[in-house]
Structures are given as structure tokens and as C-alpha cells.
Amino acid sequence: MNAPHPNTPPTPTVFDTRHVDPELLTAERVVVVGYGSQGRAHALNLRDAGAHVRVALRPGGPSWAQAEADGWSPVTVAEAVPEATVVMVLAPDMRQRELFEQQLRDHLQAGALLLFAHGFAVHYGEVNPPDSVDVALVAPKGPGGLVRRQYTEGKGVPCLMAVHQDATGRAHARTLAYAHGVGGTRAGVLETSFGEETETDLFGEQAVLCGGVTELVTAGFETLTDAGYAPEVAYFECLHELKLIVDLLHEGGLARMHEFVSETAQYGDLTRGPRVVDQRVRENMKAVLTEIQNGEFARQWLAEDREGRVNYEALMRRDLEHPMETVGAQLRARMSWLQGGERA
Ligand code: NAD
Ligand code: MG
């Protein structure tokens, strides 16, 4: 056995179905606020788990018709919240301050459990709940479409849970029961804090999952096409094939990936990978993490959203107009099985 990796942190507590009292869930009156990616998945899974659920939305908002099509009778937030013992806030993070101030704070029952799927609003002080309620989070580690699909297949997306405020003395058990209702206990529910969930989630999407991967793919594509290789070949190599590798990593970590690629690929990975993602990349990651920890990222994004998202829209256009997108659309058109897949 090798010595443990020097960065090995303490193991967090993981809960599963054996730790849950399902009657705690069925005794609650749950209101899910918002019916987007997470809202739809939570509401449908909880309903299937036998919970008493209502969906609360803005009248005339875009999700109202979708909720009705799924068999809900949506109600307004102000109407639903006074009766609720659990309120799950699944509106966009940037809107939660206004939603809370205008429609939640003065309508929450004492002893209600106020839940979030991301710690952002509470951690950065956008939402300051009253002392009379339990405050916790249940954050599925996957997009809403997957949270729903896995549940219907008898599986579950792992979740993080954290208790920020325990007014009733039962916040932990109630939160775990909710995580069970969305399917999280099937895969495991890890206990964390609002700070750790928020900061690691933002870091993951910025440095690795969304920002990191897309920049790596784009840089690889540009390096090949700048050197005169065909864009179609570069697309297959740097973007299309990524799924194969990611699936192997997802199923069995580094070991499984190494098992399925050639020894030539293994040697190239081991000797060239650290040259591409080098010490400077780690320093950049550290700088990005610092802006998350000191609130700079949150302040910037909330201001961008408030001021009309001009910079965000321009950057998004630049991403979507990249030649890799054009060639990718042409190549994917030949693969009918990639079309019309369900939305994440
Ligand atoms: P979304 O944008 O897909 O959906 C937001 C929903 O809220 C929509 O139904 C919208 O109509 C509604 N809404 C907007 N403003 C509202 C208001 N003022 N009052 C009531 N409803 C309002 O959002 P999402 O991606 O599901 O994110 C919801 C929460 O889940 C966020 O806290 C997010 O960080 C968290 N989360 C998302 C994911 C994900 O994969 N999308 C994963 C984990 C956690
Ligand atoms: Mg995330």
C-alpha cells in the first residue's frame, strides 16, 4: 500500500436510506418555489416519494404552463408559503434576495424548514432568514434533468446537505428526509456546511466543470486548427471524444480510464498532462478560488445581473460564434441519436 496522498482531508459523514425516517417527509407540507431545472425534478420526485407537495410560482411566469402540463395546480408564493412546513427555494440565485424580502420572510410559519439547493444567497448575505425557522440546504450534485431521470430509474444523484440554523432541534432529520425524497440517499448524502457547499460548487463549475473543460477543449481545437489540421478532425478529437473519457472517469475514476485507453495514451497522459495543466494553471485556480472565498465573484455576478448583463451577453455570443460550434453542428447533424435528447 502506498502512503495516503498528502492532501487527504477528513472523511465527511455520509447518510443513506438506513438513516432516514420517511415519515418525517410525509408529515410535512412542502412548497417548491420555482419550476425550472431543479424545481421540476424536486417536485416530481417528492410527489412520487409520497410527500404532500405544492408548486409555487409567479403568476404568468414561464414555468406555469409546464407545471400544469405535469399535473400540478401552481399557486402564488404568497398563497402557498403560510401553510408550508417546508419551503424549498428553487428560483435563480440572483433573484432570491428579492423573492425572500417580498414574498417569503413575512409569510413563513415559525418552525418551518427553509431549504435551498445552493448556499449562495445565504452564504453571501443576500438572504437573512428569521431566527424562528430551520435553514438548511439539499444540493444535488447534478443537473435537474438527471435528478429526475435517475429517480425514475430507481437510482439517485448524490446530494450535499447542510444545516445553517436549527430552530426546532429537528433540522437535521427533516433535511435528510427531504434529501431522501429527491432520491439523494440512494447514492449517498454528504454532510457539509453552507460555506463549503457554496465555495466548492462555484469553484467546480468555474475551474473544472464548465469553465475549465470548455477552455481546455477550445484551446485544443484551436491548437490543432492553427497548425493546419482539419476542423472536423480537431472537433472529434478534442470535443466529441471527451464523453468517452468522462464516462470512464465517472464510472471508475482514473483507474478505469487508464484501463480502457492504450498504453501509448497512458504514457502521453502521464508525461504530457502535467505540462499542459501546469503550476501556472494551479495558481490561476487558486486566484479564482480566492475571489469566490472573499465574495468578489458573487458581488461581480450580482452586479452584472442587476445592470442588464451586457458583458455576460457579449461573452456568451463570443463562445457560441466560435468556429468549433459551426463545425460541431454540421457533424452532429449526421448523428441523429444526438438530436432531440431530453434537456438536462
Ligand atoms: P432555473 O433557472 O432552471 O429555474 C428557476 C425557476 O424559478 C423558474 O421556474 C423560474 O420561472 C422561477 N422563478 C424565477 N424568479 C422567480 C420568482 N421571483 N419567484 C418565483 N419563481 C421564480 O433555476 P435552477 O437551475 O433550477 O436553479 C435553482 C436553484 O438550484 C439555484 O439555487 C441553483 O443554484 C440550484 N442548483 C441548480 C442546479 C442545476 O443543475 N441547474 C444544480 C444544483 C443546484
Ligand atoms: Mg454544481
Side-chain angles (χ1 to χ4, degrees), residues 31-46 53-70 72 74-81 84 87-105 107-108 114-124 126-127 129 135-151 156-162 164 175 178-179 182-184 187 189-190 192 194 196-206 209-210 292 297-298 301-302 305-306 309 312 342-344:
V31 168
V32 173
V33 179
Y35 202 71
S37 172
Q38 289 292 323
R40 179 170 189 272
H42 287 227
L44 292 174
N45 291 5
L46 289 164
V53 193
R54 296 179 92 183
V55 173
L57 289 167
R58 289 166 299 176
S63 310
W64 195 282
Q66 170 74 60
E68 282 184 332
D70 290 339
W72 302 99
V75 284
T76 62
V77 179
E79 194 180 335
V81 168
V87 177
M88 175 48 117
V89 179
L90 294 172
D93 299 304
M94 310 78 71
R95 298 294 137 70
Q96 290 183 9
R97 174 197 278 268
E98 191 188 355
L99 171 70
F100 181 76
E101 299 283 327
Q102 295 180 0
Q103 298 183 74
L104 289 176
R105 189 175 47 203
H107 302 287
L108 284 167
L114 181 63
L115 279 175
F116 298 85
H118 185 22
F120 190 100
V122 170
H123 183 59
Y124 292 117
E126 290 284 286
V127 168
V135 182
L137 66 79
V138 172
K141 291 286 95 184
L146 198 63
V147 173
R148 177 58 184 158
R149 177 151 48 88
Q150 296 253 34
Y151 186 89
V157 169
C159 293
L160 300 185
M161 69 161 282
H164 174 73
T175 304
Y178 184 100
V182 296
V189 177
L190 263 74
T192 181
F194 269 58
E196 184 174 64
E197 185 280 330
T198 304
E199 292 170 7
T200 56
D201 189 77
L202 293 174
F203 177 79
E205 66 202 18
Q206 293 175 20
L209 304 176
C210 309
I292 292 167
F297 171 77
W301 170 223
L302 290 166
D305 181 62
R306 204 169 42 238
R309 303 183 171 207
Y312 166 95
E342 76 179 301
R343 293 192 49 200

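Whatever order the structure lists them in is the order used to number ligands and atoms, beginning at 1.
- Put simply, the side chain of Q150 never gets that close to the backbone of V157: no donor and acceptor are under 3.5 Å apart.
- Atom numbering of ligand 1 starts at 1 in the shown order; those under 4.0 Å from a heavy atom of G142 are 40 (O), 42 (C).
- Atoms of ligand 1 found under 4.0 Å from any heavy atom of Y35 (numbered from 1 in listed order, with element): 6 (C), 8 (C), 9 (O).
- Numbered from 1 in the order shown, with element, the atoms of ligand 1 that lie under 4.0 Å from a heavy atom of S63 read 8 (C), 9 (O), 10 (C), 11 (O).
- No hydrogens or angles considered: a donor-acceptor pair under 3.5 Å links the side chains of E199 and H123.
- Judged by distance alone, the side chains of E196 and T192 do bring a donor and an acceptor atom under 3.5 Å apart.
- Using modelled atom types, no side-chain atom of S63 and backbone atom of Q66 make a donor-acceptor pair closer than 3.5 Å.
- Summarising the contacts of atom 12 (C) of ligand 1 with G119, S37, G34, the nearest heavy atom is found in G34.
- Side-chain rings of F194 and H164 approach one another, their centers coming within less than 6.0 Å.
- Taking the six-membered ring where the residue is Trp, the centroids of Y35 and W64 are separated by 6.0 Å or more.
- Residue contacts with ligand 1: P92 is included, with a non-hydrogen atom under 4.0 Å away.
- Nearest residue to atom 28 (C) of ligand 1 from L90, V32, V89 is L90 (criterion: closest heavy atom).
- Near L99, with a cut-off below 4.0 Å to any heavy atom, the atoms of ligand 1 are 19 (N).
- No side-chain donor-acceptor contact under 3.5 Å links E126 to the backbone of F120.
- In this comparison of H118, R58, Q38, the heavy atom closest to atom 17 (C) of ligand 1 sits on R58.
- Contact between A121 and ligand 1 is absent, with no heavy atom of the residue lying under 4.0 Å from the ligand.
- Side chains of D93 and Y124: a donor-acceptor N/O pair is absent below 3.5 angstrom, by distance only.
- The residue from P140, P143, G145, A117 that puts a heavy atom closest to atom 44 (C) of ligand 1 is A117.
- When non-hydrogen atoms are compared, ligand 1 lies under 4.0 Å from the side chain of Q96 (C-beta onward) but not from its backbone.
- Within a 6.0 Å sphere centred on CD of E68, heavy atoms belonging to other residues, nucleotides or ligands number more than 12.
- Note: an N/O pair closer than 3.5 Å links G36 and ligand 1 by distance alone.
- Numbered from 1 in the order shown, with element, the atoms of ligand 1 that lie under 4.0 Å from a heavy atom of D93 read 31 (C), 32 (O), 33 (C), 34 (O).
- Distances from ligand 1 to the non-hydrogen atoms of A139 include no value under 4.0 Å.
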